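Treat the numbers as computed from the prediction; the structure is a model and nothing was measured. Atom set for the values below is all heavy atoms of this structure, side chains included, hydrogens, waters and symmetry mates excluded. Throughout, residue positions are numbered sequentially from 1 according to the sequence presented.
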Amino acid sequence: MATKTDRMAELSSYRDQHFRGSMQEQEKRLKKSATLYIGNLSFFTTEEQIYEVFAKCGDLKRVVMGLDKIKRTPCGFCFVEYYHREDASNAMRYVSGTRLDDRIIRTDWDVGFSEGRQYGRGKSGGQVRDEYRTDYDGGRGGYGKAAIKQLSQNKKRYQQWMS
């Protein structure tokens with residue numbers, strides 16, 4: 001008889017490229033982890049809101065908000081640590097894909113928070129994906145860095161053309 005697997009306990013294909021260790025070690029730690037990475041958050045989502053939503057799934061150990069490494073302001077992600085994997089699995093099952101601050105949030109298993117991981121890895125201090133975003137997203141600070149760069153270049157060209 002085949003055993004029924006819990007889709008939420010399974011691992012996604014995402015892996016942290018900065019993990020210091022082998023892929024097998026990372027997967028082993030992910031399968032035992034009680035820590036979640038929460039992405040696609042609004043820059044205006046507070047730690048209190050995260051606690052309120054995720055505490056409904058079990059006892060939280062802590063929430064670590066992702067910060068822009070230069071400005072030290074929220075940059076759209078956080079880590080949620082539970083005491084028990086079952087509680088984290090409940091959060092994956094019930095919270096992933098729900099709306100918070102008018103954004104569909106994404107949850108994924110994480111190997112566990114370590115100091116320094118709370119900072120964005122993008123060149124400008126925030127998340128890498130915001131470096132390449134070309135659209136306007138009010139919940140993530142307006143235009144992405146690529147769009148701002150393009151607008152700046154267009155403005156310079158226009159000013160040169162006008163003079």
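C78 SG to I105 CD1: the interatomic distance, rounded to the nearest 0.5 Å, is 8.0 Å. Atoms CZ and CG, from R106 and L41 in turn, are 10.0 Å apart once rounded to the nearest 0.5 Å. Interatomic distance, C75 SG to M65 CE, rounded to the nearest 0.5 Å: 9.0 Å. Remark: R93 CZ to T107 OG1 distance equals 11.0 Å, nearest 0.5 Å. Rounding to the nearest 0.5 Å places NZ of K28 at 9.5 Å from OG of S22. Within the model, atoms CG of N90 and OG of S96 stand 13.0 Å from one another, a figure rounded to the nearest 0.5 Å.
Judged as a side chain to side chain donor-acceptor pair (under 3.5 Å), and not counting sequence neighbours, E52 has no contacts. Take Y51 and apply the side-chain contact (heavy atoms from CB on, under 4.5 Å) test, not counting sequence neighbours, and it matches E47, L60, R62, V63. In this view, D87 satisfies the side chain to side chain donor-acceptor pair (under 3.5 Å) rule with no residue, not counting sequence neighbours. Applying the salt bridge (charged side-chain N to carboxylate O under 4.0 Å, His left out) rule to R20 yields no partners; only residues at least two apart in sequence or on another chain are considered. Under the side chain to side chain donor-acceptor pair (under 3.5 Å) criterion, E115 pairs with Q118, not counting sequence neighbours. By the side-chain contact (heavy atoms from CB on, under 4.5 Å) test, K61 is found to be paired with E81, Y83, residues two or more places apart in sequence or in another chain being considered. Residues satisfying the salt bridge (charged side-chain N to carboxylate O under 4.0 Å, His left out) criterion with D59, sequence neighbours excluded, are absent altogether. For V53, the side-chain contact (heavy atoms from CB on, under 4.5 Å) test picks out V95, L100, with sequence neighbours left out.
Side-chain atoms of Y82 never come within 3.5 Å of backbone atoms of A91 as a donor-acceptor pair (strictly under, hydrogens ignored). Judged purely by atom type and a 3.5 angstrom limit, R85 uses its side chain to pair as donor or acceptor with the backbone of K31. Not a single donor-acceptor pair under 3.5 Å links the side chain of D101 to the backbone N or O of R103. N40 places a side-chain N or O within donor-acceptor distance of the main-chain N or O of I104, the cut-off being under 3.5 Å.
With contacts defined as side-chain heavy-atom distances shorter than 4.5 Å, the pair I38/F54 qualifies. Looking only at side-chain heavy atoms (C-beta outward), Q24 and E27 stay at 4.5 Å or farther from each other.
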D110 vs T35, side chain to side chain contact (heavy atoms under 4.5 Å, CB included): CA-CA, chis, key distance, verdict
CA-CA 5 Å; D110 190 80; T35 301; 4.0 Å; yes

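Within a 6.0 Å radius of CD in E86, other residues, nucleotides and ligands contribute 12 heavy atoms or fewer.
A cation-pi contact, defined as under 6.0 Å to the ring centre and within 45° of the axis, is absent between R29 and W109.
Minimum heavy-atom separation, M92 to D108: SD-N, 3.9 Å. A pairwise comparison of heavy atoms in A88 and A34 identifies CB-O, 3.8 Å as the closest pair.
Ring geometry for Y37 versus F77: interplanar angle under 30°, hence parallel rather than tilted (30 to 60°).
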